K.L.:
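So that we are looking at the same thing, I have put the structure below in structure tokens.
By convention in this document, chain letters (A, B, ...) are assigned in the order of the sequence lines, proteins followed by strands, and residues within each chain are numbered from 1. Every value quoted in this text rests on a predicted model; they were computed, and no experiment measured them.
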There are 2 protein chains.
Amino acid sequence: MKRMTLETDTRTRILVVARDMFHGRSYADVGIQEICEAARVQKGSFYHFFPSKRDLALAVIDDMADDWAHGFVAEAFDQGLPPLERLDYMIDAAYYWQKSAADLEGRMPGCLFGNLALEISTRDDVMRARLNAVFDKARDKFRVTLDQAVTSGALAALNTEATASAMLAYLEGVILLAKTRNDPQVIQLLGPAIKTLRIEMSH
Amino acid sequence: MKRMTLETDTRTRILVVARDMFHGRSYADVGIQEICEAARVQKGSFYHFFPSKRDLALAVIDDMADDWAHGFVAEAFDQGLPPLERLDYMIDAAYYWQKSAADLEGRMPGCLFGNLALEISTRDDVMRARLNAVFDKARDKFRVTLDQAVTSGALAALNTEATASAMLAYLEGVILLAKTRNDPQVIQLLGPAIKTLRIEMSH
DNA sequence: ATGTTAACAGACCGGTCGGTCAAGTCAAGC
DNA sequence: GCTTGACTTGACCGACCGGTCTGTTAACAT
């Protein structure tokens, strides 16, 4: 069934290219024609794999969420490191990622999910929900980490669910600010303060 | 010189309409034709006042920044309230603003500056710089508040400059998350934790 | 060999994009 | 009353948008 190709799979090639372009620019700014050219694919082939641009974006989100979960998120969160140090590790990872991207492209791309969320969540409820789900997953990683920190006594008891959300919000906000300044160092400067965020238990 | 008109000034009408549309949707998604229709203005008139769509956006940013500075920011920050309570006041103001917008339009618009920053700061350095300046101003409001909190003894000494940036980042992040969930209450839930953010003085 | 079908090619579509322009309106200054 | 210049009108432009359509190719099973 699966066609064996010497080079990368066409669908994958489209996906990879589209991800990078959406990430580095924006959803609306990148045209299908442009994506096809970059992926060396014809329009007809594109629409063979993706019903619409929107569906491509959804696929990109899923794809990126996967890579993310198995990539640096897993790395940052599933360590044998003490819980709170994982947060520092994650901030560091975010910094180096954005830094290297900025060095390559000359500008900080920021967070693909945050970018897309602000750009299209007012116009497309399906995409908004999908992005929301990605954030929920990320928040869960934070929550687990916080739970462990509390049970290990490294942290006084708190509302781990809400605090996890707060930390995710802070991370996104820091990346937003860093992108606006086009300076990854902002992440290094502000990032570590993520550990000071606290939302007490409501009782 | 100035032409007196019974109804609102044409330029102002364009500005107001464009602001709302950019805020509620996105820069790329709103066309000039659409803006003209909503403002009951002809294309030619539009280009009489604004050299380009980009220049309109810049004007919108300035306009909004002004309104913001003289509106709820001034209200939230220049009170006779104790410094730390101003932060709560500001969170509250943000919540009610987003809430009423969501009730009217059915969706949370989020922060115009944050939205624009993520959408175009990778493509237009001038706009990026302008948005950055707006953020700098906002950060200054936070810093002054923190300075007062420290001198009044309400807060232990800390790096007010960096902490102010952190708070701004957190605010933007919270709004981003709330917009993605399309639920203003997220602001109420996460917002108050802004007071827990701390970046110590480097010495 | 032949029929089937996924994969790919590329011309083509109506519509919309941001932006231009020539023509005209009208009130103020001389 | 004539000129000036800000303002308005609406037709028009080429480029590009997302998406469709008709074919062609090549790897399969039969």
K.L.:
Just to be sure I understand the geometry, which residues of residues 119-131 of chain B put a non-hydrogen atom under 4.0 Å away from DNA chain D?
P.N.:
none
K.L.:
Measure the shortest side-chain to side-chain distance between B:D88 and B:K195 over non-hydrogen atoms and say whether it is less than 4.5 angstrom.
P.N.:
yes
K.L.:
Show me the pairs that pass ring-ring contact (aromatic ring centres under 6.0 Å, His included) and involve residues 122-144 of chain B, at least two apart or across chains.
P.N.:
B:F77-B:F142
K.L.:
How many whole angstroms separate atom OH of B:Y47 from atom C1' of C:dT20?
P.N.:
9 Å
K.L.:
Do the side-chain N and O atoms of B:S52 and B:D55 include a donor-acceptor pair separated by under 3.5 angstrom?
P.N.:
yes
K.L.:
When you look at A:T160 and A:D147, which way does the side-chain hydrogen bond (donor to acceptor under 3.5 Å, both in side chains) test go after all the steps?
P.N.:
CA-CA 6 Å; A:T160 54; A:D147 280 337; 3.0 Å; yes
K.L.:
Return the value, rounded to whole Å, for the distance between atom CZ of B:R11 and atom P of D:dT8.
P.N.:
12 Å
K.L.:
Please write out each protein N/O paired with an N/O of nucleotides 10-14 of chain C under 3.5 Å, distance rounded to 0.1 Å.
P.N.:
from	atom 1	to	atom 2	distance (Å)
C:dG10	O6	A:G44	N	3.1

K.L.:
Quickly, which of B:N132, B:I61, B:L118 forms a side chain to side chain contact (heavy atoms under 4.5 Å, CB included) with B:F113? Name it, please.
P.N.:
B:I61
K.L.:
OP1 or OP2 of D:dT8 versus the side-chain N and O atoms of B:H48: is any pair under 4.0 Å?
P.N.:
no
K.L.:
Can you tell me how far P of C:dG19 sits from CD1 of B:I14, to the nearest Å?
P.N.:
14 Å
K.L.:
Charged N to carboxylate O under 4.0 angstrom, A:D140 versus A:K137?
P.N.:
no
K.L.:
Could you check whether B:K53 makes a cation-pi contact with B:Y27, meaning its NZ or CZ is under 6.0 Å from the centre of the six-membered ring and within 45° of the ring axis?
P.N.:
yes
K.L.:
Out of D:dG19, C:dC8, C:dG18, which has the shortest distance to the side chain of A:T10?
P.N.:
C:dC8
K.L.:
What is the distance, to the nearest angstrom, from the CZ atom on A:F46 to the P atom on D:dC21?
P.N.:
17 Å
K.L.:
If you define the side chain from C-beta out and look only at heavy atoms, does anything of A:I91 sit under 4.5 Å from A:L171?
P.N.:
yes
